[in-house]
Trainee: 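Sharing a structure, written as structure tokens. Questions coming.
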Protein chains: 2
Amino acid sequence: MSDEAPWLDEAEMATWLALIGVVMRLPGALEVQLRRDADLNHFEYCVLVGLEHAEGGTMRMSDLAFLCNGSLSRLSHVARRLENEGLIERFACPDDGRSTLARLTGPGRERLAQAAPGHVRLVRELVFDELDGDEMRQMGELAKRVLARIQS
Amino acid sequence: MSDEAPWLDEAEMATWLALIGVVMRLPGALEVQLRRDADLNHFEYCVLVGLEHAEGGTMRMSDLAFLCNGSLSRLSHVARRLENEGLIERFACPDDGRSTLARLTGPGRERLAQAAPGHVRLVRELVFDELDGDEMRQMGELAKRVLARIQS
DNA sequence: TCCGATTCATTGAATGTTCAATAAACCTAG
DNA sequence: CTAGGTTTATTGAACATTCAATGAATCGGA
């Protein structure tokens, strides 16, 4: 540990504080709107959006969990709640008996429609309205590279 | 809603997915190390670090909550746990009878020392090793501006 | 000075997430 | 073809967070 890089310098610390600030506060900011408009939390919203965009409207639980950046266990609990509310349904995968497929229902689509416009508006207000095109692409590229490290 | 900007275009969506990916996965990635090295979650770690850097080693609960990007209620629950473990202590603020001050104890400092080296190493691995100096500063500036919007 | 409004913090209940255990289906080396 | 390991998903219990209610201390205007 003797040749270890020292604690963050001033510029790194400023960057880190801003980044971790966004990381910690953004989900809460988004959930206020989602809860108000559609009684969903952010993870539930991601699940519904993921299914809406999926090929054939269905997705395996584990793929959906990865897409939503959550654990399979978390998704399993959330899926039970969403299924009890009638927003999604689950059924066995015909190709692989271990897998479960999830699908958005009609009411699920409606609920998504309640949430989406306000969600997009808020995402624009909080992020994209603050950045010009170059900055937006730069932010995306940097975040993508960092995400790749986190996922590896 | 008729003149509302439409849903995100392709470039915006790519940026958003990368950003939200970092937002959702970074805390979990950090907590693996903190849990292993010092049996702390990320919020608890922020609380201890906040107190370590505070003027006079003490900070008001509400200021600490803001610094740690969490609600006062959340901090209050966490502070009780940390106090029960002997890592921090709380006492009435002499200047304002409504306020509570928190302070890091000796054992709290030790626990922080268990967590910090590995935490810095991981933060470097996940974020700073991926970015050159310009990219790092750019990321910090953009995150700072977005954070300002979230906080407002 | 007094009273209503605000700030600060805590609490318990409801809710959500993680962790470890379980189990079924599948794959593959021998 | 089968025993052992892997992948997939679910579950209950432990743990953490949010939400709404409470209460104490302070502030500020009439």
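Chain A is the first sequence line, chain B the second, and so forth, proteins listed ahead of strands; every chain is numbered from 1.
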Trainee: Can you tell me the distance, in whole Å, between the CZ atom of A:Arg60 and the C1' atom of D:dT10?
Mentor: 15 Å
Trainee: Is A:Ser62 near enough to D:dA9 that one of its side-chain N or O atoms lies under 4.0 angstrom from OP1 or OP2?
Mentor: yes
Trainee: Quick one, which residues of residues 20-29 of chain A touch DNA chain C with a heavy atom under 4.0 Å?
Mentor: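 Nothing qualifies; none.
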Trainee: Could you check how far CZ of A:Phe66 sits from C1' of D:dT8, rounded to whole Å?
Mentor: 16 Å
Trainee: Atom CD1 of B:Ile88 to atom P of C:dA9: distance rounded to whole Å?
Mentor: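 Rounded to the whole Å, the gap is 12 Å.
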Trainee: Does B:Leu17 share a hydrophobic cluster with A:Val120, counting links as ILVMFWY side-chain heavy atoms below 4.5 Å and allowing steps through other members?
Mentor: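 Cluster IDs for B:Leu17 and A:Val120 match.
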Trainee: Would you kindly check if the NZ (Lys) or CZ (Arg) of B:Arg25 is within the cone defined by 45 degrees around the ring axis of A:Phe66 and under 6.0 Å from the six-membered ring centre?
Mentor: yes
Trainee: Considering every strand and a 4.0 Å limit on heavy-atom distances, what is the contact class for B:Ser99: base, sugar-phosphate, or nothing?
Mentor: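 Since only primed, P, OP1 and OP2 atoms lie under 4.0 Å of B:Ser99, the category is sugar-phosphate.
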Trainee: Can you measure A:Asp39 atom CG to C:dT15 atom C1' for me and round it to whole angstrom units?
Mentor: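 Interatomic distance, CG of A:Asp39 to C1' of C:dT15: 12 Å.
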Trainee: Could you run through nucleotides 17-28 of chain D and give me one letter per nucleotide, 5' to 3': B if any protein heavy atom sits under 4.0 Å from the base, S if only the sugar-phosphate is that close, - if neither?
Mentor: BBB-----BS--
Trainee: Tell me the interatomic distance from B:Arg90, atom CZ, to C:dT11, atom C1', rounded to whole angstroms.
Mentor: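 For the pair B:Arg90 CZ and C:dT11 C1', the rounded distance is 11 Å.
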Trainee: Side-chain heavy atoms nearer than 4.5 Å, only ILVMFWY residues, links allowed to pass through others: does that put B:Ile88 and B:Leu34 together?
Mentor: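 Hydrophobic grouping puts B:Ile88 with B:Leu34.
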Trainee: Using whole Å, what does the distance between atom C1' of nucleotide D:dA16 and atom NE2 of B:His42 come to?
Mentor: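 Those two atoms, NE2 and C1', are 16 Å apart.
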Trainee: If you take all heavy atoms of A:Ser76 and A:Arg90, which pair is closest and at what distance?
Mentor: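 Nearest heavy atoms, A:Ser76 then A:Arg90: O-NH1, 4.0 Å.
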Trainee: Give, ordered by number, those residues of residues 45-54 of chain B having at least one heavy-atom distance below 4.0 Å to an atom of DNA chain D; if nothing qualifies, reply none.
Mentor: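 Within residues 45-54 of chain B, no residue comes under 4.0 Å of DNA chain D.
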Trainee: When all nucleic acid strands are considered with a 4.0 Å heavy-atom cut-off, which category describes A:Ser76: base, sugar-phosphate, or nothing?
Mentor: base
Trainee: What is the distance from CG of A:Leu64 to P of D:dT8, rounded to the nearest Å?
Mentor: 14 Å
Trainee: Is it the case that one hydrophobic cluster holds both A:Ile20 and A:Leu142, taking links as side-chain heavy atoms less than 4.5 Å apart, direct or via other members?
Mentor: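 Yes.
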Trainee: Tell me the salt bridge (Lys or Arg N to Asp or Glu O under 4.0 Å) pairs involving residues 8-23 of chain B, sequence neighbours left out?
Mentor: A:Arg124-B:Glu12
Trainee: Has the side chain of B:Thr100 got a donor or acceptor atom that lies under 3.5 Å from a matching backbone atom of B:Met61?
Mentor: no
Trainee: Between atom CG in B:Leu72 and atom P in C:dT11, what is the gap in whole Å?
Mentor: 12 Å
Trainee: Assigning hydrophobic clusters by single linkage (Ile, Leu, Val, Met, Phe, Trp, Tyr; side-chain heavy-atom cutoff under 4.5 Å), is B:Leu122 placed with B:Met139?
Mentor: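 Looking at the clustering, B:Met139 is in the same group as B:Leu122.
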Trainee: Is the backbone N or O of B:Ala115 less than 3.5 Å from a side-chain atom of B:Gln33, with the two atoms forming a donor-acceptor pair by type?
Mentor: yes
Trainee: Are the side chain of A:Glu135 and the backbone N or O of A:Asp132 linked by a donor-acceptor pair below 3.5 Å?
Mentor: yes
Trainee: For B:Glu44 and B:Asn41, indicate whether the former's side chain and the latter's backbone hold a donor-acceptor pair under 3.5 Å.
Mentor: yes
Trainee: Test of understanding: with salt bridge (Lys or Arg N to Asp or Glu O under 4.0 Å), list the residues that count as partners of A:Glu85, not counting sequence neighbours.
Mentor: A:Arg111
Trainee: Please answer: with hydrophobic residues joined when any side-chain heavy atoms are less than 4.5 Å apart, are B:Leu19 and B:Met136 in the same cluster?
Mentor: yes
Trainee: If an axis is fit to five pairs at each end of the helix from C:dT1-D:dA30 to C:dG30-D:dC1, what is the angle between the two, to the nearest 10°?
Mentor: 30°
Trainee: Where the side chain of A:Arg137 meets the backbone of B:Ala11, is there a donor-acceptor pair that is under 3.5 Å apart?
Mentor: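 A pair under 3.5 Å: no.
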